[in-house]
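First comes the structure, then the notes that go with it.
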Amino acid sequence: IHTRVAPQSGDIVVTKRRVGAFSTTDLESIIRANNITSLAMFGISTSGVVLSTVRWAADMDYQIVVVSDACADLDDEVHRVLTEKVFPGQATVVSTQEFTRALGSSFSQ
């Protein structure tokens with residue numbers, strides 16, 4: 001099944017031009033203006049986009065969650081080392097199941 005993801009009315013859209021999500025964007029200003037202190041990371045290129053964005057976000061003192069099985073890399077071993085050995089030093093690393101369970105419990109409070 002293919003699902004098309006598209007912004008909805010009122011969604012904030014940030015155009016990313018570099019590897020990390022914060023580089024050359026106004027993402028940090030948007031996040032700070034909305035009083036956001038925690039970020040969830042998932043996406044393509046664990047060793048590129050995710051790594052760069054986690055490092056930058058950690059330097060800015062955000063609370064970070066990396067959803068490990070919602071990330072992918074061309075090299076499975078690099079993905080494993082990053083999610084098991086590198087990211088835990090700067091982020092909480094969870095599975096999609098753990099992440100959705102935590103989201104569900106935070107909405108029911």
Side-chain angles (χ1 to χ4, degrees):
I1 298 175
H2 295 279
T3 303
R4 185 167 185 255
V5 177
Q8 301 297 307
S9 176
D11 284 352
I12 297 168
V13 177
V14 176
T15 302
K16 190 173 84 57
R17 293 180 172 85
R18 297 286 188 201
V19 175
F22 290 101
S23 179
T24 69
T25 70
D26 56 354
L27 182 59
E28 183 182 8
S29 297
I30 293 166
I31 291 171
R32 297 275 186 212
N34 286 283
N35 297 314
I36 296 168
T37 58
S38 300
L39 305 174
M41 308 278 178
F42 39 88
I44 299 170
S45 187
T46 311
S47 62
V49 176
V50 179
L51 175 61
S52 294
T53 304
V54 165
R55 296 289 184 150
W56 196 307
D59 283 348
M60 293 186 293
D61 298 321
Y62 286 105
Q63 297 296 313
I64 307 162
V65 174
V66 174
V67 186
S68 61
D69 59 341
C71 298
D73 200 272
L74 291 174
D75 186 324
D76 290 339
E77 180 63 9
V78 169
H79 172 82
R80 185 192 69 74
V81 168
L82 287 169
T83 57
E84 293 179 11
K85 307 229 181 250
V86 176
F87 292 158
Q90 296 175 304
T92 301
V93 179
V94 298
S95 67
T96 53
Q97 185 177 22
E98 293 167 314
F99 184 70
T100 55
R101 189 178 319 124
L103 280 179
S105 67
S106 69
F107 286 119
S108 63
Q109 294 179 7

message: Does L74, at its CG atom, have more than 12 non-hydrogen atoms belonging to other residues, nucleotides or ligands within less than 6.0 Å?
response: no

query: Is the count of non-hydrogen atoms from other residues, nucleotides or ligands lying under 6.0 Å from I44 atom CD1 greater than 12?
result: no

field: Same cluster (ILVMFWY, side-chain, under 4.5 Å), V94 and F42
entry: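 As far as the 4.5 Å side-chain criterion goes, F42 and V94 are connected within one cluster.
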
- prompt: Honestly curious: do V86 and L39 fall in one hydrophobic cluster under the side-chain, below-4.5 Å linking rule?
  reply: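 Per the 4.5 Å side-chain linkage, V86 and L39 are co-clustered.
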
Using a 4.5 Å cut-off on heavy atoms from C-beta on, say whether the side chain of [Y] contacts that of [X].
{"X": "V14", "Y": "I30", "result": "yes"}
{"X": "T46", "Y": "F87", "result": "yes"}
{"X": "T25", "Y": "T15", "result": "no"}

message: Quick one, H79 with C71, criterion side-chain contact (heavy atoms from CB on, under 4.5 Å). Give me CA distance, side-chain angles, the key distance, then yes/no.
response: CA-CA 8 Å; H79 172 82; C71 298; 3.7 Å; yes

task: Find the distance between CG (L82) and CZ (R80) and round it off to the nearest 0.5 Å.
output: 10.0 Å

- line: To the nearest 0.5 Å, atom CG of L51 lies from atom CE of M41 at 10.5 Å

message: Going by the rule side-chain hydrogen bond (donor to acceptor under 3.5 Å, both in side chains), which residues pair with D26 if we only count those two or more places apart in sequence or in a different chain?
response: none

field: Residues that S23 engages under side-chain hydrogen bond (donor to acceptor under 3.5 Å, both in side chains), provided they are two or more places apart
entry: none

Identify each donor-acceptor pair in which a side-chain atom of residues 53-66 lies under 3.5 Å from a protein atom, sequence neighbours left out, and give them as a table.
unit_1	atom_1	unit_2	atom_2	d
T53	OG1	A21	N	2.9
T53	OG1	V49	O	2.8
Y62	OH	R32	NE	3.3

Considering all heavy atoms of both residues, which atom of [X] and which atom of [Y] are nearest to each other, and what is their separation?
{"X": "E84", "Y": "P88", "answer": "O-CG, 3.5 Å"}
{"X": "S68", "Y": "V93", "answer": "CB-CG1, 3.7 Å"}
{"X": "D75", "Y": "E77", "answer": "OD1-N, 2.9 Å"}

- prompt: Where the side chain of N34 meets the backbone of I31, is there a donor-acceptor pair that is under 3.5 Å apart?
  reply: no

task: Indicate yes or no for a side-chain donor-acceptor contact from D73 to the backbone of S47 under 3.5 Å, with no hydrogens or angles considered.
output: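 Side chain of D73 to backbone of S47: a pair is present.
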
message: Would you say T96 and D69 are linked by a side-chain donor-acceptor pair, where the criterion is simply a distance under 3.5 Å?
response: yes

